[in-house]
Amino acid sequence: MADTKMFHGWAAKGPKQAMAPLAFDPGELGDEEVEIAVDYCGICHSDLSMLDNEWGMTSYPFVPGHEAVGRVVALGSHAKGLELGQIVGVGWNRGSCMHCHQCIGGEHHLCRQVEATIVGRHGAFADRIRSHWAWAIPLPAGLDAADAGPLFCGGITVFSPIVIHGVKPTDRVGVVGIGGLGHMAIRFLDAWGCAVTAFTSSERKRDEALALGADHVVTSTDSVAIKAIAGSLDLVLVTANAALDWDAYIAALAPGGCIHIVGAVLEPIPVSVFSLMGGQKSLSSSPTGSPAVIAEMLAFCAQHGIKPQVEHFPMSRVNDAMQHLRDGKARYRIVLDAKG
Ligand SMILES: NC(=O)c1ccc[n+]([C@@H]2O[C@H](COP(=O)([O-])OP(=O)(O)OC[C@H]3O[C@@H](n4cnc5c(N)ncnc54)[C@H](OP(=O)(O)O)[C@@H]3O)[C@@H](O)[C@H]2O)c1
Ligand SMILES: [Zn+2]
Ligand SMILES: [Zn+2]
(Lines give C-alpha, C1' and ligand atoms only; values in the text may rest on other atoms or scores of the structure.)
(Ligands and ions follow the chains in the order given, each with its own letter.)
Protein backbone atom coordinates (compact mmCIF):
# COMPACT_ATOMS: atom_id res chain seq x y z
CA MET A 1 0.00 0.00 0.00
CA ALA A 2 1.24 3.52 -0.83
CA ASP A 3 2.38 5.53 2.20
CA THR A 4 -0.20 8.34 2.37
CA LYS A 5 2.10 10.41 4.59
CA MET A 6 4.63 10.83 1.82
CA PHE A 7 4.31 13.38 -1.00
CA HIS A 8 5.30 12.30 -4.51
CA GLY A 9 6.87 14.84 -6.80
CA TRP A 10 9.16 15.31 -9.81
CA ALA A 11 12.64 16.46 -8.81
CA ALA A 12 15.87 17.47 -10.54
CA LYS A 13 19.11 16.51 -8.78
CA GLY A 14 21.12 19.39 -10.26
CA PRO A 15 21.02 22.31 -12.71
CA LYS A 16 19.53 21.48 -16.15
CA GLN A 17 18.97 17.86 -15.15
CA ALA A 18 15.87 15.86 -16.05
CA MET A 19 13.27 15.48 -13.32
CA ALA A 20 12.58 12.03 -11.85
CA PRO A 21 10.04 10.81 -9.27
CA LEU A 22 10.87 11.71 -5.67
CA ALA A 23 8.95 10.71 -2.54
CA PHE A 24 9.44 13.03 0.44
CA ASP A 25 8.07 13.43 3.94
CA PRO A 26 6.43 16.85 4.41
CA GLY A 27 6.43 16.55 8.21
CA GLU A 28 3.53 17.58 10.42
CA LEU A 29 0.88 19.91 8.99
CA GLY A 30 1.28 23.36 10.63
CA ASP A 31 -1.64 24.84 12.60
CA GLU A 32 -2.09 27.63 10.04
CA GLU A 33 -1.42 25.45 7.00
CA VAL A 34 -3.68 23.73 4.50
CA GLU A 35 -2.81 20.71 2.40
CA ILE A 36 -3.87 20.67 -1.23
CA ALA A 37 -4.15 17.70 -3.60
CA VAL A 38 -2.72 19.11 -6.83
CA ASP A 39 -4.94 18.59 -9.88
CA TYR A 40 -3.17 20.98 -12.28
CA CYS A 41 0.04 23.00 -12.27
CA GLY A 42 1.16 25.60 -14.80
CA ILE A 43 4.81 25.92 -15.84
CA CYS A 44 6.21 29.43 -15.45
CA HIS A 45 9.54 30.52 -16.93
CA SER A 46 10.66 31.01 -13.32
CA ASP A 47 10.40 27.20 -12.85
CA LEU A 48 12.89 26.85 -15.71
CA SER A 49 15.20 29.56 -14.34
CA MET A 50 15.09 27.90 -10.91
CA LEU A 51 15.67 24.42 -12.38
CA ASP A 52 18.80 25.77 -14.10
CA ASN A 53 19.84 27.69 -10.95
CA GLU A 54 20.03 30.88 -13.04
CA TRP A 55 19.36 32.99 -9.95
CA GLY A 56 21.75 31.11 -7.63
CA MET A 57 19.06 30.26 -5.05
CA THR A 58 17.99 26.71 -6.00
CA SER A 59 18.41 23.84 -3.56
CA TYR A 60 18.47 20.28 -4.97
CA PRO A 61 16.74 17.91 -5.21
CA PHE A 62 14.42 20.56 -6.64
CA VAL A 63 10.69 20.06 -7.22
CA PRO A 64 9.40 23.00 -9.35
CA GLY A 65 5.78 24.14 -9.65
CA HIS A 66 4.11 27.30 -8.35
CA GLU A 67 0.91 27.64 -10.39
CA ALA A 68 -1.09 24.96 -8.59
CA VAL A 69 -4.81 24.36 -8.59
CA GLY A 70 -6.30 21.57 -6.50
CA ARG A 71 -8.58 20.50 -3.66
CA VAL A 72 -8.12 21.22 0.03
CA VAL A 73 -7.57 17.81 1.65
CA ALA A 74 -6.42 18.79 5.16
CA LEU A 75 -6.81 21.89 7.34
CA GLY A 76 -4.52 22.88 10.22
CA SER A 77 -6.31 23.54 13.51
CA HIS A 78 -6.08 27.35 13.02
CA ALA A 79 -6.65 27.48 9.24
CA LYS A 80 -9.36 30.00 8.39
CA GLY A 81 -11.85 30.64 5.60
CA LEU A 82 -11.41 27.35 3.72
CA GLU A 83 -13.29 24.07 3.62
CA LEU A 84 -12.25 20.51 2.84
CA GLY A 85 -12.83 19.78 -0.84
CA GLN A 86 -12.72 23.46 -1.85
CA ILE A 87 -10.85 24.25 -5.07
CA VAL A 88 -8.00 26.69 -4.47
CA GLY A 89 -4.84 27.92 -6.17
CA VAL A 90 -1.35 28.66 -4.85
CA GLY A 91 1.18 30.76 -6.75
CA TRP A 92 4.77 31.97 -6.25
CA ASN A 93 4.21 32.63 -2.54
CA ARG A 94 2.92 30.13 0.02
CA GLY A 95 3.23 32.08 3.25
CA SER A 96 4.11 35.35 4.97
CA CYS A 97 4.53 36.48 8.60
CA MET A 98 0.94 37.89 8.89
CA HIS A 99 1.99 40.52 11.48
CA CYS A 100 4.37 42.99 9.80
CA HIS A 101 3.31 46.37 8.39
CA GLN A 102 3.00 44.96 4.86
CA CYS A 103 0.97 41.90 5.90
CA ILE A 104 -1.35 43.98 8.09
CA GLY A 105 -1.68 46.47 5.24
CA GLY A 106 -2.75 43.78 2.79
CA GLU A 107 0.52 43.71 0.85
CA HIS A 108 1.61 40.28 2.04
CA HIS A 109 3.74 39.74 -1.10
CA LEU A 110 6.04 42.55 0.13
CA CYS A 111 6.55 40.91 3.55
CA ARG A 112 10.27 40.59 4.34
CA GLN A 113 9.64 37.02 5.49
CA VAL A 114 7.50 36.02 2.49
CA GLU A 115 7.94 32.32 1.67
CA ALA A 116 8.30 31.40 -2.00
CA THR A 117 6.64 28.11 -2.94
CA ILE A 118 9.76 26.69 -4.66
CA VAL A 119 12.62 28.39 -2.80
CA GLY A 120 14.01 26.13 -0.07
CA ARG A 121 11.00 23.80 -0.28
CA HIS A 122 9.34 21.49 -2.75
CA GLY A 123 6.76 22.85 -5.19
CA ALA A 124 3.65 21.64 -6.96
CA PHE A 125 5.02 19.28 -9.62
CA ALA A 126 3.79 16.83 -7.01
CA ASP A 127 0.63 15.15 -5.80
CA ARG A 128 0.27 17.52 -2.85
CA ILE A 129 1.50 20.86 -1.53
CA ARG A 130 0.93 22.94 1.56
CA SER A 131 0.52 26.66 2.11
CA HIS A 132 -0.58 29.11 4.76
CA TRP A 133 -4.39 29.36 4.57
CA ALA A 134 -4.21 33.03 3.45
CA TRP A 135 -2.16 32.09 0.37
CA ALA A 136 -4.56 29.36 -0.85
CA ILE A 137 -7.02 31.45 -2.84
CA PRO A 138 -10.45 29.96 -3.66
CA LEU A 139 -11.35 29.67 -7.33
CA PRO A 140 -14.59 31.55 -8.03
CA ALA A 141 -17.47 29.89 -9.87
CA GLY A 142 -17.15 30.29 -13.62
CA LEU A 143 -13.40 29.60 -13.84
CA ASP A 144 -12.30 26.21 -15.12
CA ALA A 145 -9.79 24.62 -12.73
CA ALA A 146 -7.96 23.03 -15.69
CA ASP A 147 -7.05 26.44 -17.16
CA ALA A 148 -6.74 28.56 -14.03
CA GLY A 149 -3.29 27.54 -12.68
CA PRO A 150 -1.32 30.10 -14.75
CA LEU A 151 -3.33 32.95 -13.23
CA PHE A 152 -1.72 32.30 -9.81
CA CYS A 153 1.78 33.41 -10.86
CA GLY A 154 1.89 34.62 -14.47
CA GLY A 155 -1.57 36.19 -14.31
CA ILE A 156 -1.20 38.08 -11.04
CA THR A 157 2.27 39.30 -12.05
CA VAL A 158 0.80 41.21 -15.00
CA PHE A 159 -2.53 42.10 -13.31
CA SER A 160 -0.87 43.69 -10.27
CA PRO A 161 0.88 46.46 -12.32
CA ILE A 162 -2.50 47.47 -13.77
CA VAL A 163 -3.64 48.10 -10.19
CA ILE A 164 -0.32 49.62 -9.01
CA HIS A 165 -0.28 52.16 -11.85
CA GLY A 166 -4.01 52.89 -11.73
CA VAL A 167 -4.29 52.10 -15.44
CA LYS A 168 -7.31 53.78 -17.04
CA PRO A 169 -9.36 52.54 -20.01
CA THR A 170 -8.10 55.54 -21.97
CA ASP A 171 -4.45 54.53 -21.46
CA ARG A 172 -2.22 53.23 -24.22
CA VAL A 173 -0.23 50.27 -22.91
CA GLY A 174 2.60 48.26 -24.46
CA VAL A 175 3.33 44.62 -23.57
CA VAL A 176 6.83 43.39 -24.39
CA GLY A 177 7.26 39.60 -24.82
CA ILE A 178 4.21 37.57 -25.77
CA GLY A 179 4.77 34.43 -23.73
CA GLY A 180 3.02 33.05 -20.65
CA LEU A 181 2.82 36.42 -18.86
CA GLY A 182 2.54 38.61 -21.95
CA HIS A 183 -0.43 36.85 -23.52
CA MET A 184 -2.42 37.16 -20.27
CA ALA A 185 -1.42 40.86 -20.05
CA ILE A 186 -2.90 41.47 -23.51
CA ARG A 187 -6.17 39.78 -22.52
CA PHE A 188 -6.41 41.74 -19.23
CA LEU A 189 -5.60 45.11 -20.80
CA ASP A 190 -7.95 44.56 -23.72
CA ALA A 191 -10.81 43.78 -21.29
CA TRP A 192 -9.73 46.80 -19.16
CA GLY A 193 -10.46 48.96 -22.23
CA CYS A 194 -6.90 50.03 -23.09
CA ALA A 195 -5.32 50.45 -26.51
CA VAL A 196 -2.75 47.64 -26.46
CA THR A 197 0.50 47.47 -28.41
CA ALA A 198 2.16 44.04 -28.41
CA PHE A 199 5.95 43.94 -28.81
CA THR A 200 7.21 40.57 -30.00
CA SER A 201 10.49 39.22 -31.32
CA SER A 202 8.64 36.39 -33.10
CA GLU A 203 7.21 37.33 -36.50
CA ARG A 204 4.83 34.37 -36.36
CA LYS A 205 3.20 35.74 -33.20
CA ARG A 206 2.04 38.95 -34.98
CA ASP A 207 -1.38 37.63 -35.96
CA GLU A 208 -1.69 35.67 -32.72
CA ALA A 209 -1.13 38.87 -30.69
CA LEU A 210 -3.92 40.61 -32.62
CA ALA A 211 -6.21 37.63 -31.98
CA LEU A 212 -5.41 37.85 -28.25
CA GLY A 213 -6.68 41.43 -28.24
CA ALA A 214 -3.74 43.66 -29.22
CA ASP A 215 -4.53 46.68 -31.41
CA HIS A 216 -1.00 47.12 -32.79
CA VAL A 217 2.07 44.90 -33.06
CA VAL A 218 5.70 46.13 -33.14
CA THR A 219 8.87 44.05 -33.43
CA SER A 220 10.39 44.21 -29.94
CA THR A 221 13.97 44.04 -31.21
CA ASP A 222 13.58 46.64 -34.00
CA SER A 223 14.84 49.93 -32.55
CA VAL A 224 13.77 51.88 -35.63
CA ALA A 225 10.19 50.61 -35.38
CA ILE A 226 10.06 51.41 -31.64
CA LYS A 227 11.45 54.92 -32.18
CA ALA A 228 8.78 55.44 -34.87
CA ILE A 229 6.08 55.36 -32.14
CA ALA A 230 7.94 57.80 -29.84
CA GLY A 231 5.81 59.56 -27.23
CA SER A 232 2.77 57.31 -27.67
CA LEU A 233 2.53 54.93 -24.67
CA ASP A 234 1.44 55.60 -21.07
CA LEU A 235 2.78 52.32 -19.71
CA VAL A 236 5.07 49.62 -21.10
CA LEU A 237 4.90 46.28 -19.30
CA VAL A 238 8.07 44.27 -19.95
CA THR A 239 7.66 40.50 -19.53
CA ALA A 240 10.68 39.51 -21.66
CA ASN A 241 13.68 38.30 -19.66
CA ALA A 242 16.26 39.81 -22.02
CA ALA A 243 18.17 43.05 -22.50
CA LEU A 244 16.24 45.44 -24.77
CA ASP A 245 16.96 48.79 -26.43
CA TRP A 246 15.88 50.58 -23.25
CA ASP A 247 16.43 54.08 -24.67
CA ALA A 248 14.04 53.30 -27.54
CA TYR A 249 11.37 52.07 -25.10
CA ILE A 250 11.79 55.14 -22.85
CA ALA A 251 11.42 57.31 -25.95
CA ALA A 252 8.19 55.43 -26.80
CA LEU A 253 6.65 56.68 -23.50
CA ALA A 254 4.32 59.67 -23.44
CA PRO A 255 5.09 62.32 -20.78
CA GLY A 256 4.42 60.84 -17.32
CA GLY A 257 4.80 57.31 -18.72
CA CYS A 258 6.45 54.34 -17.04
CA ILE A 259 8.37 51.23 -18.07
CA HIS A 260 7.29 48.51 -15.63
CA ILE A 261 9.55 45.45 -15.72
CA VAL A 262 8.35 42.09 -14.42
CA GLY A 263 10.60 39.89 -16.60
CA ALA A 264 13.69 38.65 -14.75
CA VAL A 265 16.22 40.62 -16.83
CA LEU A 266 19.63 39.66 -15.45
CA GLU A 267 21.72 42.40 -17.09
CA PRO A 268 21.83 45.82 -15.37
CA ILE A 269 19.76 48.45 -17.21
CA PRO A 270 21.78 51.53 -18.22
CA VAL A 271 19.53 54.59 -18.13
CA SER A 272 20.44 58.27 -18.29
CA VAL A 273 18.47 60.43 -15.87
CA PHE A 274 17.98 62.98 -18.64
CA SER A 275 16.01 60.48 -20.72
CA LEU A 276 13.52 60.30 -17.82
CA MET A 277 13.63 63.83 -16.40
CA GLY A 278 12.21 65.98 -19.19
CA GLY A 279 9.08 63.87 -19.70
CA GLN A 280 8.77 62.97 -15.99
CA LYS A 281 9.10 59.30 -16.92
CA SER A 282 9.94 56.38 -14.63
CA LEU A 283 11.07 52.77 -14.40
CA SER A 284 9.50 50.36 -11.92
CA SER A 285 9.12 46.68 -11.10
CA SER A 286 7.00 44.38 -8.93
CA PRO A 287 6.86 40.82 -7.60
CA THR A 288 3.64 38.82 -8.26
CA GLY A 289 0.83 40.29 -6.07
CA SER A 290 -1.09 40.09 -2.81
CA PRO A 291 -3.78 37.53 -1.91
CA ALA A 292 -6.50 40.24 -2.12
CA VAL A 293 -5.42 41.34 -5.61
CA ILE A 294 -5.19 37.69 -6.71
CA ALA A 295 -8.84 37.29 -5.64
CA GLU A 296 -9.76 40.51 -7.51
CA MET A 297 -8.02 39.20 -10.64
CA LEU A 298 -9.90 35.89 -10.44
CA ALA A 299 -13.21 37.76 -10.12
CA PHE A 300 -12.24 39.97 -13.10
CA CYS A 301 -11.49 36.85 -15.17
CA ALA A 302 -14.79 35.22 -14.21
CA GLN A 303 -16.71 38.41 -15.04
CA HIS A 304 -15.06 38.97 -18.43
CA GLY A 305 -14.62 35.36 -19.52
CA ILE A 306 -10.82 35.66 -19.53
CA LYS A 307 -8.65 32.58 -19.30
CA PRO A 308 -5.07 31.72 -20.14
CA GLN A 309 -4.45 29.96 -23.45
CA VAL A 310 -2.98 26.65 -22.35
CA GLU A 311 -1.49 23.41 -23.66
CA HIS A 312 -1.92 20.36 -21.42
CA PHE A 313 0.76 17.74 -20.74
CA PRO A 314 0.36 14.83 -18.32
CA MET A 315 2.59 15.31 -15.25
CA SER A 316 4.39 12.07 -16.23
CA ARG A 317 5.71 13.98 -19.31
CA VAL A 318 7.04 16.87 -17.25
CA ASN A 319 10.47 16.72 -18.92
CA ASP A 320 8.96 16.99 -22.43
CA ALA A 321 6.80 19.86 -21.22
CA MET A 322 9.83 21.71 -19.81
CA GLN A 323 11.72 21.21 -23.08
CA HIS A 324 8.70 22.61 -24.99
CA LEU A 325 8.94 25.79 -22.87
CA ARG A 326 12.76 25.90 -23.21
CA ASP A 327 12.34 25.77 -27.01
CA GLY A 328 9.99 28.80 -26.92
CA LYS A 329 7.19 26.67 -28.38
CA ALA A 330 4.58 27.02 -25.60
CA ARG A 331 1.27 28.59 -26.73
CA TYR A 332 1.12 30.26 -24.37
CA ARG A 333 1.27 28.45 -21.04
CA ILE A 334 1.80 24.75 -20.37
CA VAL A 335 -0.36 23.12 -17.70
CA LEU A 336 0.56 19.74 -16.21
CA ASP A 337 -2.35 17.43 -15.41
CA ALA A 338 -1.70 15.51 -12.20
CA LYS A 339 -3.78 12.54 -13.38
CA GLY A 340 -1.54 11.27 -16.14
N1 LIG B 1 8.07 39.69 -11.43
C2 LIG B 1 7.56 38.51 -11.07
O3 LIG B 1 7.04 38.34 -9.98
C4 LIG B 1 7.57 37.37 -12.03
C5 LIG B 1 6.58 36.39 -11.99
C6 LIG B 1 6.54 35.39 -12.97
C7 LIG B 1 7.52 35.36 -13.94
N8 LIG B 1 8.50 36.29 -13.94
C9 LIG B 1 9.52 36.32 -14.99
O10 LIG B 1 8.91 36.87 -16.15
C11 LIG B 1 9.62 36.41 -17.30
C12 LIG B 1 8.62 35.87 -18.31
O13 LIG B 1 8.02 34.68 -17.84
P14 LIG B 1 7.07 33.81 -18.80
O15 LIG B 1 6.66 32.64 -18.00
O16 LIG B 1 6.09 34.69 -19.45
O17 LIG B 1 8.15 33.35 -19.90
P18 LIG B 1 7.91 32.86 -21.41
O19 LIG B 1 6.57 32.20 -21.53
O20 LIG B 1 9.13 32.13 -21.79
O21 LIG B 1 7.81 34.24 -22.23
C22 LIG B 1 8.88 35.15 -22.29
C23 LIG B 1 8.77 35.89 -23.62
O24 LIG B 1 9.83 36.86 -23.69
C25 LIG B 1 10.16 37.07 -25.03
N26 LIG B 1 11.62 36.92 -25.19
C27 LIG B 1 12.39 35.85 -24.86
N28 LIG B 1 13.66 36.06 -25.19
C29 LIG B 1 13.72 37.29 -25.77
C30 LIG B 1 14.76 38.09 -26.34
N31 LIG B 1 16.02 37.65 -26.37
N32 LIG B 1 14.44 39.31 -26.82
C33 LIG B 1 13.16 39.77 -26.78
N34 LIG B 1 12.14 39.07 -26.27
C35 LIG B 1 12.42 37.84 -25.77
C36 LIG B 1 9.43 36.03 -25.86
O37 LIG B 1 8.27 36.65 -26.42
P38 LIG B 1 8.19 36.96 -28.00
O39 LIG B 1 8.30 35.63 -28.69
O40 LIG B 1 6.86 37.60 -28.15
O41 LIG B 1 9.33 37.89 -28.30
C42 LIG B 1 8.98 35.02 -24.82
O43 LIG B 1 7.82 34.34 -25.22
C44 LIG B 1 10.61 35.37 -16.78
O45 LIG B 1 11.87 36.00 -16.61
C46 LIG B 1 10.04 34.98 -15.43
O47 LIG B 1 11.04 34.47 -14.56
C48 LIG B 1 8.54 37.30 -13.02
ZN1 LIG C 1 4.71 40.03 6.97
ZN1 LIG D 1 6.02 32.18 -11.85
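Just so you know, ligand 1 is whichever comes first in the structure, and atom 1 is the first atom listed for that ligand.
Using bins of under 30°, 30° to 60° and over 60° for the plane-to-plane angle, the ring pair F300/H304 lands in the tilted bin. Classified by interplanar angle (parallel below 30°, tilted 30° to 60°, perpendicular above 60°), the ring pair F313/H324 is tilted.
Atom 4 (C) of ligand 1 has as its closest protein heavy atom T157 CG2, 3.5 Å. Annotation: atom 12 (C) of ligand 1 to nearest protein heavy atom, T239 O, 3.1 Å. Considering only non-hydrogen protein atoms, atom 16 (O) of ligand 1 sits nearest to L181 N, 2.8 Å. Residue, atom and distance of the protein heavy atom nearest to atom 37 (O) of ligand 1 are I178 N, 3.2 Å. Of the protein's non-hydrogen atoms, the one nearest atom 39 (O) of ligand 1 is S202 OG, 2.5 Å. Protein heavy atom nearest atom 44 (C) of ligand 1, with residue, atom name and distance: H45 CB, 3.8 Å. From the protein, the heavy atom lying nearest to atom 7 (C) of ligand 1 is S46 OG, 3.4 Å. Closest to atom 21 (O) of ligand 1, if we only count protein heavy atoms, is G179 CA, 3.4 Å.
With a 4.5 Å cut-off on side-chain heavy atoms, H165 and S284 count as touching. In this structure the side chain of M322 reaches within 4.5 angstrom of the side chain of L48, judged on heavy atoms. Between P15 and T58, every side-chain heavy-atom pair lies at or beyond the 4.5 Å cut-off. Residues Y40 and D147 are not in side-chain contact: their nearest non-hydrogen atoms beyond the backbone lie 4.5 Å or more apart. With a 4.5 Å cut-off on side-chain heavy atoms, M277 and Q280 do not count as touching.
Those atoms of ligand 1 that come under 4.0 Å of a heavy atom in W55, given as number and element, are 47 (O). Applying the 4.0 Å criterion to heavy atoms of V262 picks out, from ligand 1, the atoms 1 (N), 2 (C), 4 (C), 8 (N), 9 (C), 10 (O), 48 (C). Ligand 1 places these atoms under 4.0 Å from at least one heavy atom of R333: 14 (P), 15 (O). Heavy-atom contacts of G180 reach the following atoms of ligand 1: 16 (O), 18 (P), 19 (O), 21 (O) (cutoff under 4.0 Å). Close approach to T200 involves these atoms of ligand 1, each under 4.0 Å from a residue heavy atom: 38 (P), 39 (O), 40 (O), 41 (O). Taking a cut-off of under 4.0 Å to the non-hydrogen atoms of S286, the atoms of ligand 1 that pass are 1 (N), 2 (C), 3 (O). Heavy-atom contacts of N241 reach the following atoms of ligand 1: 27 (C), 45 (O) (cutoff under 4.0 Å). Counting the atoms of ligand 1 from 1 in the order shown, those under 4.0 Å from a heavy atom of P287 are 3 (O).
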side-chain hydrogen bond (donor to acceptor under 3.5 Å, both in side chains) assessment of Y332 paired with E208: CA-CA 10 Å; Y332 278 91; E208 296 172 26; 2.3 Å; yes
H260/S286 under side-chain hydrogen bond (donor to acceptor under 3.5 Å, both in side chains): CA gap, chis, key distance, verdict: CA-CA 8 Å; H260 190 93; S286 57; 2.7 Å; yes
side-chain hydrogen bond (donor to acceptor under 3.5 Å, both in side chains) between Q323 and D327, worked out: CA-CA 6 Å; Q323 190 58 43; D327 293 343; 2.9 Å; yes
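At under 3.5 Å, not a single nitrogen or oxygen of A242, backbone or side chain, sits near a nitrogen or oxygen of ligand 1. Inclusion of T288 in the set of residues having an N or O under 3.5 Å from an N or O of ligand 1 is warranted.
For atom 24 (O) of ligand 1, the choice among A264, G289, A240 with the nearest heavy atom turns out to be A240. Of the options A116, G328, S201, A243, the smallest heavy-atom separation from atom 33 (C) of ligand 1 is shown by S201.
The pair R94-E33 counts as a salt bridge, with a side-chain nitrogen and a carboxylate oxygen less than 4.0 angstrom apart. At a threshold of 4.0 Å, the pair K227-D222 does not count as salt-bridged, since none of the basic side-chain nitrogens sits closer than that to a carboxylate oxygen.
Under a 4.0 Å heavy-atom criterion, G154 is not in contact with ligand 1. Close to ligand 1: C153, with a non-hydrogen atom less than 4.0 angstrom away.
Put simply, C111 gets within reach of the Zn ion (ligand 2), with an N, O or S atom under 2.8 Å from it. Distance check for H101 against the Zn ion (ligand 2): none of its N/O/S atoms falls below 2.8 Å. The distance from the Zn ion (ligand 2) to the nearest N/O/S atom of H108 is not under 2.8 Å.
Considering E115, E35, E32 in turn, E35 is the only one that fulfils the salt bridge (charged side-chain N to carboxylate O under 4.0 Å, His left out) rule with R130.
One side chain, H312 or D337, offers a donor N or O that lies under 3.5 Å from an acceptor on the other. Between the side chains of H66 and D47, a donor-acceptor pair is found at a separation under 3.5 Å.
Nearest N/O/S atom of H66 relative to the Zn ion (ligand 3): this is NE2.
Remark: at the Zn ion (ligand 2), atom SG from C97 and atom SG from C100 enclose 110°, rounded to the nearest 10 degrees.
Aromatic ring centroids of W192 and F159 lie under 6.0 Å apart.
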